[in-house]
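Note that these values count all heavy atoms, side chains included, but never hydrogens, waters or copies made by symmetry. Naming convention: chains lettered A, B, ... in sequence-line order (proteins, then strands); numbering from 1 in each chain.
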4 protein chains.
Amino acid sequence: MPPRPPTKPRKRASQERSRVTVDALVEATARILVGEGFDKASTNRIAAVAGVSIGSLYQYFPGKEALVVAVAQRHRHELLSVVRARLARVADEPLAQGIGALVAAAVAAHRVDPALHRVLAEEIPRVGGLADAAGFNRDNLALFRDYLQSRRDEMRVADLELATFVCMTTIEALTHNAVLHHADVLADERMEALVAETTRLIVGYLTG
Amino acid sequence: MPPRPPTKPRKRASQERSRVTVDALVEATARILVGEGFDKASTNRIAAVAGVSIGSLYQYFPGKEALVVAVAQRHRHELLSVVRARLARVADEPLAQGIGALVAAAVAAHRVDPALHRVLAEEIPRVGGLADAAGFNRDNLALFRDYLQSRRDEMRVADLELATFVCMTTIEALTHNAVLHHADVLADERMEALVAETTRLIVGYLTG
Amino acid sequence: MPPRPPTKPRKRASQERSRVTVDALVEATARILVGEGFDKASTNRIAAVAGVSIGSLYQYFPGKEALVVAVAQRHRHELLSVVRARLARVADEPLAQGIGALVAAAVAAHRVDPALHRVLAEEIPRVGGLADAAGFNRDNLALFRDYLQSRRDEMRVADLELATFVCMTTIEALTHNAVLHHADVLADERMEALVAETTRLIVGYLTG
Amino acid sequence: MPPRPPTKPRKRASQERSRVTVDALVEATARILVGEGFDKASTNRIAAVAGVSIGSLYQYFPGKEALVVAVAQRHRHELLSVVRARLARVADEPLAQGIGALVAAAVAAHRVDPALHRVLAEEIPRVGGLADAAGFNRDNLALFRDYLQSRRDEMRVADLELATFVCMTTIEALTHNAVLHHADVLADERMEALVAETTRLIVGYLTG
DNA sequence: TATGAATGAGTATTCATTCAT
DNA sequence: TATGAATGAATACTCATTCAT
């Protein structure tokens with residue numbers, strides 16, 4: 001097993017000045033990822049776009065991977081706050097409403113920065129430290145399991161763990177595919193239809 | 001827009017000798033992809049492993065991408081024949097049986113060469129000619145739409161196109177995730193449970 | 001001829017605090033040199049290990065070379081005091097005793113800090129200001145010439161200068177090689193044999 | 001223990017063309033080593049001076065170290081043939097003649113390419129694969145032991161192994177120092193004196 | 001005086017691809 | 001048709017040193 005490239009930031013940006021540098025680097029990485037793709041994102045290029053010397057890049061990040069991971073993390077946090085916010089509003093409503101909201105939230109999340117989301121999901125070799133760079137699912141999964149748990153009496157599933165896996169995978173795949181690959185085909189009203197269908201699919205499955 | 005690297009084989013392998021060379025190259029590519037990962041798969045290395053000179057490689061393939069595409073295609077054909085064979089056997093049975101068989105087929109397909117499947121799906125930047133290197137779905141999609149069409153009267157869906165999309169995406173995502181990322185967790189009996197669950201999910205959805 | 005990097009300390013450490021800083025830097029350099037080798041000894045690393053800011057390092061030393069030179073000088077002083085102490089005890093004894101003591105002293109000197117000695121002698125490019133970083137010989141040479149001069153009547157050599165050169169070079173080479181490269185092979189008793197042999201060699205040469 | 005940089009040539013230069021390339025690279029390395037010193041000898045510079053692309057350099061050598069080793073080896077072979085040739089002529093003469101010839105040979109050897117010899121001996125960090133890049137002594141040692149063995153009855157030494165070590169180390173150190181550091185001081189006639197002195201030193205030692 | 005953020009020239013190395021033989 | 005020597009742009013990363021705070 002070859003040693004993986006490190007992905008954790010090298011030093012904390014303590015002073016204000018360095019904070020700016022770090023942000024510029026992460027932002028530049030995101031911009032290049034979206035605009036030119038993963039393998040144009042060389043460290044030299046990132047530094048140049050960030051308006052920062054290559055030396056400074058390496059003061060704060062141990063390498064390219066760490067930058068991509070930082071971008072993915074930032075993206076993940078944004079998604080998560082979108083999902084959390086929406087979910088909070090329906091915590092006490094019946095299952096059908098909850099699932100509906102969740103699916104809608106997933107679509108909304110995929111629309112936060114679809115281009116970045118696509119690069120993160122499809123262009124980045126999921127290997128080494130990048131393996132779950134886009135794995136915002138773990139957080140989502142926990143969130144969702146808690147929700148399902150709280151609604152357990154409305155459901156008819158034997159294995160909650162399995163059900164969570166099935167639901168999350170399904171919702172993620174459908175919204176991802178729809179938003180990222182069929183946005184053109186699926187006009188707005190049809191997207192609403194998809195949300196409805198997905199909700200029906202999941203609710204039907206859970207209340208079986 | 002930068003010109004994409006060409007991905008089509010350069011010439012037909014008419015003579016027997018060429019045929020052997022081409023096969024050796026594709027096989028070597030696959031072996032390296034699985035054994036060492038996408039970015040160790042350099043053209044020089046592929047040629048070396050294939051026991052062929054780098055010059056010859058470029059006689060038959062316009063570049064690296066073309067080789068990967070060829071590997072993906074070969075893999076796709078294998079998958080497709082697995083799915084087709086299984087589907088043929090249930091063409092005349094009721095929907096529930098058909099869907100069950102399809103899900104089982106999807107699992108079987110993912111087990112043909114999981115390591116290669118994983119590399120193709122997760123390590124290769126889905127960009128340019130590689131965009132749908134792993135997109136064996138197109139074929140599957142057509143196959144499945146035809147099947148659903150033939151069983152339309154057992155179903156209660158308004159939009160067949162949409163339903164096909166929903167079902168295929170769901171089945172693909174669930175089996176992919178299950179086989180490639182949770183094979184350890186999902187022991188054999190639980191895998192059977194997953195097949196059952198997935199079938200219930202889809203059948204429930206289709207029959208309203 | 002490119003300008004040589006300066007190797008003299010920048011300012012006198014007049015205040016106590018500075019003194020501590022300078023010592024910490026020299027000590028850190030020595031520790032890194034021994035523990036990780038010459039080319040891991042970057043200025044940044046030295047400063048870090050010394051617990052001093054890189055800025056401060058440059059307040060007291062004009063560059064990396066100066067630090068290494070300082071380490072070498074410190075080492076040289078230690079060696080010299082070892083040799084001097086031993087030599088003082090035999091100043092009035094006949095040649096054979098004197099030479100014997102000198103050889104033993106040379107061995108003892110090489111054992112003061114063999115690891116540092118080795119790095120200084122073998123890993124550091126003897127170029128520029130580093131040219132005689134390990135050249136503790138100059139001092140030794142003077143010391144030894146004086147001793148030989150005082151025993152001139154016991155000797156039968158035409159050219160004292162030449163004889164000094166021959167003796168010093170020989171003793172240094174033999175003890176260095178023995179201690180640093182054959183310490184494993186030359187067990188303690190054999191090392192004593194070497195001291196005896198070397199003494200015989202030199203005394204034989206001087207007394208014709 | 002960190003993995004050492006490899007020092008063995010990467011591929012054999014089978015065709016005539018590549019032979020030329022390899023030679024040019026080794027020659028260029030030597031020239032840079034002598035003219036600009038070890039740490040100006042970057043791979044890019046070596047390739048440039050050799051009039052060869054950097055890519056070609058890496059076809060034949062795994063890195064910088066390997067080139068330096070190749071240079072050292074080439075140099076060693078030249079030295080060895082000088083020494084061997086001279087030694088052959090006195091194989092049957094008495095010890096005093098033999099030692100005299102050997103010392104003269106050592107001086108001659110150091111004069112083959114003194115500048116290169118100096119760089120190899122003093123500027124190259126004797127670490128890793130470079131550790132005995134300049135260790136032409138091993139061959140010499142064997143050669144010399146055989147010679148001493150054949151003259152054993154003229155000698156009065158208890159431990160032949162030790163005697164060989166003492167003689168070789170002494171001769172090497174004296175000639176090295178004389179030729180490389182005191183060439184200016186030691187004019188030709190004085191150099192002859194040194195040869196005589198050294199011979200006397202050694203013969204005296206061996207014949208007790 | 002001390003700090004540490006910033007610099008950027010410089011270094012080793014890879015790899016897709018070409019082309020003379 | 002096959003070969004493999006040659007290419008060189010591109011890449012990740014280091015490190016001595018400066019200077020504003």
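Nucleotide E:dA2 holds its P atom 11 Å from the CG atom of C:Leu25, rounded to whole Å.
With E:dT17, F:dT1, F:dT11 as the candidates, the nucleotide lying closest to the side chain of A:Ser42 is F:dT11. For D:Ser53, the side-chain atoms get nearest to F:dT7 when compared with the rest of E:dA2, F:dT7, E:dA16.
Using N1 to N3 plus N6-O4 or O6-N4 for Watson-Crick, or N1-O2 and O6-N3 for G-U wobble, each under 3.5 Å, F:dT21 pairs with E:dA2.
A salt bridge does not link A:Glu123 with A:Lys40: none of the charged nitrogens is closer than 4.0 Å to a carboxylate oxygen.
The shortest distance between the side-chain N/O atoms of A:Ser18 and the OP1/OP2 oxygens of E:dA6 is not below 4.0 Å. Note on C:Tyr58: every side-chain N or O is 4.0 Å or more away from OP1 and OP2 of E:dG4. Within the 4.0 Å cut-off from OP1 or OP2 of E:dA12, at least one side-chain nitrogen or oxygen of D:Thr43 is found.
Side-chain contact check for A:Thr43 versus A:Phe61: every heavy-atom pair is 4.5 Å or farther apart.
With hydrogens and angles ignored, no donor-acceptor pair closer than 3.5 Å exists between the side chain of A:Asn44 and the base of F:dA10. Below the 3.5 angstrom threshold, one finds no donor paired with an acceptor across the side chain of A:Gln59 and the base of E:dA5.
Heavy-atom nearest nucleotides on DNA chain F were determined for A:Ala41 and for B:Ile54, and the one closer to the 5' end corresponds to B:Ile54. Taking for each of B:Gly55 and A:Ser56 the nucleotide of DNA chain F with the nearest heavy atom, the 5'-most of the two is the partner of B:Gly55. Each of C:Val52 and B:Asp39 was matched to the nucleotide of DNA chain E holding its nearest heavy atom; the match closer to the 5' end belongs to C:Val52.
Atom CG of C:Leu57 is separated from atom OG1 of C:Thr29 by 7.0 Å, given to the nearest 0.5 angstrom.
Of the candidates C:Ile124, C:Ile46, C:Val119, C:Ile124 is the only one forming a side chain to side chain contact (heavy atoms under 4.5 Å, CB included) with C:Val68.
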